[in-house]
A.B. asks: 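Quick one: the structure is below, questions incoming.
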Amino acid sequence: MKKFHFSMEMVLRYQEQRLDALRAEHAAAIAKVREQEAVVDCLTQSFRSVNEEYRVRKSHGMTVADAMGYDLMLRTQEKEIQAAAKVLEELRRAEEQKREEVIAAKTDKATIEKLKEKKLDAYHKQEQKNEEQMIDEFVSAARVVSGMAR
């Protein structure tokens with residue numbers, strides 16, 4: 001019997017390549033999220049540090065100009081934190097979308113692999129059936145030959 005050939009092998013290879021590419025894109029998206037989380041954490045820590053310095057200086061007395069300067073600096077940092085948090089949220093949405101694409105690609109690939117397994121099982125069953133038929137024919141032929149020899 002001829003060798004097993006899966007007609008959708010090219011599609012399966014394409015799905016594997018697509019899945020690998022999507023996994024790489026998802027990993028990159030996760031890395032961007034982690035970087036942006038670090039940026040937000042750094043900005044938040046800077047804000048806390050400046051705010052603590054402001055409280056300490058305020059408790060020891062400071063000029064109105066210094067107080068206004070701190071107030072302006074803190075407001076600016078709050079806006080930076082909000083902008084960075086917005087970017088982080090967008091990156092998280094993009095990462096979630098990539099994760100969903102990876103899941104869909106895994107499902108597509110698994111479907112094709114399952115079809116390949118079914119086709120391979122059917123091939124093996126047909127091969128076994130053909131072998132049994134060949135053995136039966138051989139045994140029948142051997143009986144006919146032994147019957148003629150008598």
A.B. asks: Looking at every heavy atom in both Leu22 and Lys98, which two are closest together, and how far apart are they?
C.D. replies: CD2-NZ, 4.4 Å
A.B. asks: With hydrophobic residues grouped by side-chain heavy-atom distances under 4.5 Å, do Ile30 and Ile103 end up in a single group?
C.D. replies: no
A.B. asks: Which value, rounded to the nearest 0.5 Å, describes the distance between Arg48 atom CZ and Arg55 atom CZ?
C.D. replies: 11.0 Å
A.B. asks: What do the steps show when you test Arg18 against Asp108 for side-chain contact (heavy atoms from CB on, under 4.5 Å), and what is the final call?
C.D. replies: CA-CA 10 Å; Arg18 181 172 166 251; Asp108 292 347; 3.5 Å; yes
A.B. asks: Are Met73 and Glu53 close enough, and set up right, to give a side-chain contact (heavy atoms from CB on, under 4.5 Å), and what steps lead you there?
C.D. replies: CA-CA 12 Å; Met73 188 183 323; Glu53 181 182 329; over 6 Å; no
A.B. asks: Let me confirm one number: the CG-CD distance from Leu12 to Glu9, rounded to the nearest 0.5 Å.
C.D. replies: 5.5 Å
A.B. asks: Do Ile81 and Val50 share a hydrophobic cluster, counting only Ile, Leu, Val, Met, Phe, Trp and Tyr and linking them when any side-chain heavy atoms are less than 4.5 Å apart?
C.D. replies: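 Looking at the clustering, Val50 is in the same group as Ile81.
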A.B. asks: Kindly indicate whether the side chain of Glu52, heavy atoms from C-beta on, has any atom under 4.5 Å from the side chain of Val56.
C.D. replies: yes
A.B. asks: Look only at the side chain of Ser46 and the backbone of Cys42, and say whether a donor-acceptor pair between them is shorter than 3.5 Å.
C.D. replies: no
A.B. asks: Using 0.5 Å steps for rounding, measure from the CD atom of Glu131 to the CD atom of Gln126.
C.D. replies: 11.0 Å
A.B. asks: If only side-chain N and O atoms count, and only distance matters, is there a donor-acceptor pair under 3.5 Å linking Asp66 with Thr63?
C.D. replies: yes
A.B. asks: First locate atom CZ of Phe47, then atom CD of Glu80, and finally report the distance between them rounded to the nearest 0.5 Å.
C.D. replies: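 CD of Glu80 is found 11.5 Å from CZ of Phe47.
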A.B. asks: For atom CZ of Phe4, decide whether the heavy atoms of other residues, nucleotides or ligands shown that lie under 6.0 angstrom number more than 12.
C.D. replies: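 Atom CZ in Phe4 is packed in, count exceeds 12.
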A.B. asks: Kindly compute the distance separating CD (Glu132) from CG (Asp136), expressed to the nearest 0.5 Å.
C.D. replies: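 If I round to the nearest 0.5 Å, the distance is 7.5 Å.
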A.B. asks: Say whether, by atom type as modelled, one donor and one acceptor occur between the side chain of Glu95 and the main chain of Val33 under 3.5 angstrom.
C.D. replies: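 Not at all, since once roles are kept as given, no pair shorter than 3.5 Å links the two residues.
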A.B. asks: Stepwise, does the salt bridge (Lys or Arg N to Asp or Glu O under 4.0 Å) test hold for Glu101 with Lys106?
C.D. replies: CA-CA 9 Å; Glu101 288 178 23; Lys106 280 182 182 178; over 6 Å; no
A.B. asks: For the atom pair CD (Glu16) and CD1 (Ile112), what is the distance rounded to the nearest 0.5 Å?
C.D. replies: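 It comes to 9.0 Å.
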A.B. asks: So, Asp41 versus Gln45: side-chain donor-acceptor pair below 3.5 Å or not?
C.D. replies: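 No donor-acceptor contact under 3.5 Å links the two side chains.
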A.B. asks: Answer whether the closest heavy-atom distance between the side chains of Lys118 and Glu113 falls below 4.5 Å.
C.D. replies: no
A.B. asks: Identify the heavy atoms of Val40 and Ala85 that sit nearest to each other, and give their distance.
C.D. replies: CG2-N, 3.9 Å
A.B. asks: Any salt bridge between Glu96 and Arg99, counting N to O under 4.0 Å?
C.D. replies: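 Yes, this pair counts.
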A.B. asks: Is the shortest distance from a Lys or Arg side-chain nitrogen in Arg93 or Glu90 to a carboxylate oxygen in the other one below 4.0 Å?
C.D. replies: no
A.B. asks: Check Arg75 with Asp71, please: is the shortest side-chain N to carboxylate O separation under 4.0 Å?
C.D. replies: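 A salt bridge links Asp71 with Arg75.
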A.B. asks: State yes or no: do Leu19 and Phe6 share one hydrophobic cluster built from I, L, V, M, F, W and Y residues joined by side-chain heavy-atom distances below 4.5 Å, directly or via other members?
C.D. replies: no
A.B. asks: Under the side-chain contact (heavy atoms from CB on, under 4.5 Å) criterion, do Tyr70 and Met62 qualify, and how do the steps go?
C.D. replies: CA-CA 11 Å; Tyr70 273 105; Met62 63 187 317; 3.3 Å; yes
